[in-house]
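Data first, discussion second: the structure below is written as structure tokens.
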Amino acid sequence: MLGKTQKHRYVPGLDGLRALAVLAVIAYHLNFSWAKGGFLGVDIFFVLSGYLITSTILPAKGEEWTFDLRKFWMGRIRRLLPAAYFMIILTFIWVMLFHQELLDTVRGDAVASIFYASNWWFIFHEVSYFDSFGSPSPLKNLWSLAIEEQFYIVWPLVLAAGLYIFKGRQRFSLFVFLGALCSAVLMGVLYQPGADPSRVYYGTDTRSFELLIGAWLALVWPMNRLSSNRLSPELVKTLNMTSLIAFGIFLLCAVFIDEYQTFLYRGGMLLIGLNAAVLVACICHPASLLGKWLSWKPLRWIGSRSYGIYLWHYPVIVLGTPVHEIGNPVYWRIGLQLILILIIAEFSYRLIEMPIRKHGFRPFFQKHLAISALKWRNSPPIGKVSTILIPLAVLIFAAGIAGAVADDEQQETKQSHPTEVKIDGGKQESLPAQGDASHSKEEQTPEDEEIEGPQEEGDTPADASYTEILAIGDSVTIDIASSLQERYSDMTIDAKIGRQVSQAAKLASGYASFNRPDKAVIIQLGTNGYFTNHQIDTLLSSFSKAHIYLVNTRVPRPWEGKVNRTLAKKAQEYENVTLVDWYSAAVDHPEYFAADGVHLLPKGIAALTALIDQSIAGDTHAAG
């Protein structure tokens, strides 16, 4: 391998770009309304990784292959694994001690993370990046690192083969760009509007186009050949104008684009990746004014520690935020979390990342584990503490993982809430769930079990003007199904855990008999994610002659506001639709909810049932 050459030159502006990218991701995970597209910071990381890794591998001069593959992979292991494993182990121990409700989830996620297979683990287990209840897995942010690590394993081999077959960078660059287009097209083909986009968001096959765009840029815009001496003043001006436009586009995307837009998955992310490539290309040039601005020391500090910041921000946010605050930021808590993230990242950078990158694993462990008694006696305090804590942490982690089999066997014997409830005029059919802990009766106190709905006018069934009532919903409707049935004995209820509006629109044709003026339809959906205007319009149009009671949602997730605004808009657009404002009734009552902040305890069941009953009563009395 070549020694230090121009291809390894340090570009401080890229650290500034890393800083902005990681700050955008953090703002998104903190659910700030002005950072709806903050998750696009990961696109910057992917393009930048593809560019820098390819620049490192390519020969500094000519086309002669002088790359040491073994040394490259060992460098990647030193760079990525220690800090990540440190985070995984400590997060797992913290969950064991203080968040045992997440233990079953974190076990599997931890194992997948160790082998850098998190993204496919989440796909196969249908773990949504956008839609999840309760405190989500604190290790879910490792999906992107898994994609990068998979790329680092495969790409050097592909690059070596490509340069050999195509006999040059330029022809091979066309092949790389074509590969990026194929990946982006696959994302568009697999994406289903209105459905959860996590399959295409997590997939190595559907996200590799961003890494390949970065690799393509390294082939056509090699870092070692950039020089300010070769540009005329006019070209320098064009370069700076282009960089500002590309930077502005990224900022606008981070503010205005959200994860529910079909455009994003059918070409939008490809355009954002290409814009990121333009941004990286401009910043890397020595004449770049934006590169100088992004070299501001505080940004460089954050950028140089961006790996640790990215690793730790998600577990700190997830494990340090009460469920009822998700989607409703509390700023003093956010301030403490940000300080903690930066402190841990600095610790990781100075005591783990840099020592291992510079000196390797053996000197690190010899220094900090103090193997011999003599070294123990003479080692600094941190070495003595490490000698005890690191093996202890590894043992606790291993013991926790090993306990997964026994706990899984116990889980199989647990009784849990049904996944689906169908009540047709009083005849009920329930299908049991597997391990839906959010509905466990263990969370219901004896005091809760005696609670009944408020004794108000709405307690008397008010369906005298309706010959039949249909309720279509998701798991929240399952929660209140028995309570609704007690009030409306002949009500038809069709509810299923995880149901989306798109699924309800398809089953609506089976209830065509309810599309009459003397019938009422209760629709409670939106808990599991956003939906398109077309999908909700299709569902509402299926019951255009009936009176529809549209229940909005209280779900501590980012899509809550957008779902509720859309439902309120539809209630204004359709004369036969009444909005049941569950959000306003429940937002200040965490005692209504189970540990996940979504599903209902008896107090919540009584409150929501009474709210629906009062809405129906108000309409029937007004009609009378």
Side-chain angles (χ1 to χ4, degrees), residues 21 25 28-29 37-50 53 80 84 105 108-132 136-137 139-155 157-158 175-216 253 257-274 276-277 310 314 498 500 502 528-530 559:
V25 173
Y28 171 75
H29 285 146
F39 62 94
L40 296 173
V42 174
D43 299 57
I44 296 287
F45 282 125
F46 280 165
V47 173
L48 191 54
S49 293
I53 289 301
L80 299 176
T105 297
D109 295 352
V111 173
S113 299
I114 286 173
F115 294 100
Y116 281 89
S118 297
N119 60 322
W120 291 107
W121 170 267
F122 294 143
I123 288 172
F124 291 136
H125 289 80
E126 298 182 349
V127 178
S128 173
Y129 183 74
F130 305 109
D131 307 344
S132 55
S137 169
L139 302 178
K140 196 160 61 174
N141 61 319
L142 297 182
W143 71 271
S144 62
L145 300 180
I147 291 179
E148 288 196 11
E149 189 67 14
Q150 292 158 23
F151 177 78
Y152 297 150
I153 292 172
V154 175
W155 177 242
L157 303 175
V158 175
F175 177 80
V176 174
F177 192 78
L178 180 61
L181 291 179
C182 289
S183 173
V185 168
L186 183 62
M187 170 180 273
V189 170
L190 294 181
Y191 174 70
Q192 298 178 5
D196 179 66
S198 292
R199 164 60 185 91
V200 297
Y201 194 81
Y202 286 138
T204 308
D205 51 351
T206 51
R207 292 303 298 270
S208 60
F209 67 87
E210 293 159 319
L211 288 155
L212 290 175
I213 286 173
W216 167 78
C253 290
I257 288 182
D258 62 50
E259 63 268 35
Y260 312 112
Q261 297 175 1
T262 299
F263 145 80
L264 189 64
Y265 306 98
R266 291 187 170 169
M269 230 176 245
L270 174 64
L271 295 177
I272 291 169
L274 291 172
Y310 183 82
Y314 201 66
Q500 300 274 3
S502 57
N528 300 289
Y530 188 61
W559 61 85

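Just so you know, these numbers use all the heavy atoms, side chains as well, and skip hydrogens, waters and symmetry mates.
A search for side-chain contact (heavy atoms from CB on, under 4.5 Å) contacts involving Gln150 returns Asn119, Trp120, Ala146, Thr204, not counting sequence neighbours. Take Asp43 and apply the salt bridge (charged side-chain N to carboxylate O under 4.0 Å, His left out) test, not counting sequence neighbours, and it matches Arg207.
Heavy atoms only, all atoms of each residue included: Gln500 and Tyr530 are closest at OE1-O, 4.1 Å.
Between Tyr202 and Trp143, the ring-plane angle classifies as perpendicular under the 30° and 60° cut-offs.
Taking the side chain as every heavy atom from C-beta outward, Leu139 and Trp121 never approach each other to under 4.5 Å. No side-chain heavy atom of Asp109 sits less than 4.5 Å from a side-chain heavy atom of Leu142.
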Would you tabulate the side-chain donor-acceptor contacts of residues 182-195 under 3.5 Å, counting partners in other chains and residues two or more places apart, or write 'none'?
| residue | atom | partner | partner atom | Å |
| --- | --- | --- | --- | --- |
| Ser183 | OG | Asp205 | O | 2.6 |
| Ser183 | OG | Ser208 | OG | 3.3 |
| Ser183 | OG | Phe209 | N | 3.2 |

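Summarising the geometry, atom CZ belonging to Phe46 is positioned 12.0 Å from atom CD1 belonging to Ile213; distances are rounded to the nearest 0.5 Å. Residue Phe45 holds its CZ atom at 8.5 Å from CD of Glu148, rounded to the nearest 0.5 Å. Expressed to the nearest 0.5 Å, how far CG of Leu145 lies from OH of Tyr152 amounts to 8.5 Å. Atom OG1 of Thr206 is separated from atom CZ of Arg199 by 5.0 Å, given to the nearest 0.5 angstrom. With rounding to the nearest 0.5 Å, the separation of SG in Cys253 from CG in Asp258 is 11.5 Å.
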